[in-house]
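See structure below.
Residue numbering restarts at 1 for every chain, and letters A, B, ... go by the order of the sequence lines. Please read these numbers as outputs of a predicted model, since none were measured by experiment.
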Amino acid sequence: MASPSRRFLDLLEQHGYNYFTGVPCSLFEGVTRILDAEPRYGYLSAVREDSALGIAAGAYLGGRQPVVFMQNSGLGVSMNALVSLHQIYDIPALLVISWRGEGGKSGNDAPEHLIMGDVMTPLLQLLRIPFAVFEPPTLAPDIDRLTCTMHETRRPVALVVGKGRLQS
Amino acid sequence: MTRAYAVARAADAVDAAAANGPDCLTVVCNGMIGRELYAHADTPSRFYMIGSMGLASSIGLGLAIVQPARTVVVFDGDGNVLMNMGTLGSVAAAAPANFYHIVFDNAAHGSTGDQRTISDRVPLDAVARAAGYRSVVRVRDEHALAGALQSWFSTRGPAMLVVDVERGNQPGIGRVDPSPTELTARFRARATLKTHSA
């Protein structure tokens, strides 16, 4: 049977996503391994998350539907690109964001991830970015719903990926 | 030379190249450069980035990769390039042959009052060359600019042209008129237009 990461990428392609860029995280290392190994995805490994968002915007302007992968630390880096590029220019994208520091308690993760782990979902709400948390039983309908919202609003939406979902 | 002069000559060269070859799509950075380009000659093939400083080159890179048959030109400033200098590496690594990067360098943040940047001490042409751009040229006067622009679009990209310009802004220059969403709609329609029978 295909790995969770392979099935996830297939699901994204079935929903019309056809451009992939981002910055890696260990929580979705299974996905990045496939993207890096298979040239047909045209995956562009960006140097910063906001640059990945810019590249995704360019790909959208050129006719593609992009996905941007990032660790949640990169959400902090991306804030200005989201609010002063994508959201004001009507540029849709699916953000796949890892949830390091989930729960915000020391012992759960390294110290540098705890605050972002704690504030990430309120931050997404504050930024008016609709999101779903990756849960295998509801993944397909969640991607369906997020993609519909993204096309209707022409704005970014996010899928939040916790530990153990896309590491293989 | 003034920045507005250099922007106008570069825009004329882009439009001449588009008239004689593949369509040219221009992404222009935020600040005065975009306003000067808009005031000189607007067309739907220009995308004016009004926020997200530092990302014009990233937008141009994504566009150049997915539209390899189009010529993609990025109008940039020294402050913008410095703000996301890592993108020079991304451009060089992806190496799209259709990517043309023109940097108007006055070693200052023009839109906020000409506060100095560091490009007088960190030469951006040397940085782009070291990153791996295929061709890098710096010009310092009108004559050299005209000469460089004449053959620039037949150079294989990624190519950078750095133009030394004076500080100072044109008084009373307008802002980019179309709304951001209008700019997206018209530019995307142009960028995805099937212009060739192939």
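For B:T2, there are no side chain to side chain donor-acceptor pair (under 3.5 Å) partners at least two apart in sequence or on another chain.
For a residue to count as touching a neighbouring chain, one of its non-hydrogen atoms must lie under 4.5 Å from one of that chain's; by this rule A:Y19 touches chain B with the side chain only. For A:I88, the parts lying under 4.5 angstrom from a heavy atom of chain B are both the backbone and the side chain. For chain B, the nearby part of A:I91 is the side chain; its heavy atoms alone come within less than 4.5 Å. Using a 4.5 Å cut-off between heavy atoms, B:I50 contacts chain A through both its backbone and its side chain. Proximity to chain B (any heavy atom under 4.5 Å) is restricted, for A:R48, to the side chain, taken from C-beta onward.
Other residues, nucleotides and ligands place no more than 12 heavy atoms under 6.0 Å from the CD1 atom of A:I115. Heavy atoms of other residues, nucleotides or ligands lying less than 6.0 angstrom from CZ of B:R175 number 12 at most. Other residues, nucleotides and ligands place no more than 12 heavy atoms under 6.0 Å from the CZ atom of A:R154. Other residues, nucleotides and ligands place no more than 12 heavy atoms under 6.0 Å from the CD atom of B:Q150. No more than 12 heavy atoms of other residues, nucleotides or ligands shown are found within 6.0 angstrom of CZ on B:R116. Around the CZ atom of A:R128, the shell of radius 6.0 Å holds no more than 12 heavy atoms that belong to other residues, nucleotides or ligands.
When all heavy atoms of B:S52 and A:S84 are compared, the closest pair comes out as N-OG, 2.7 Å. Scanning all heavy atoms of the two residues, the minimum distance from A:S51 to B:T87 falls at OG-OG1, 3.4 Å. Between A:G58 and B:V66, the shortest heavy-atom contact is O-CG2, 4.4 Å. Across A:L44 and B:A94, no two heavy atoms sit closer than the pair CD1-CB, 4.3 Å. Here the closest heavy-atom approach between residue B:R188 and residue A:R64 is recorded as NH2-O, 4.0 Å.
B:Y48 contributes atom OH, which lies 10.5 Å from atom OH of A:Y89 (distance to the nearest 0.5 angstrom). With rounding to the nearest 0.5 angstrom, the OG atom of B:S58 is 7.0 Å from the CG atom of A:D50.
Hydrophobic clustering of Ile, Leu, Val, Met, Phe, Trp and Tyr side chains at less than 4.5 Å, counting indirect connections, keeps A:V68 apart from A:V23. Tracing side-chain contacts under 4.5 Å through hydrophobic residues (I, L, V, M, F, W, Y), one never reaches A:F131 starting from A:F69; they form parts of separate clusters.
Highest contact tally toward chain A, considering only B:L183, B:T181, B:T192, is held by B:T181 [criterion: heavy-atom pairs under 4.5 Å].
Inter-residue side-chain proximity for B:I59 and A:L85 is flagged as met; some heavy-atom pair is nearer than 4.5 Å.
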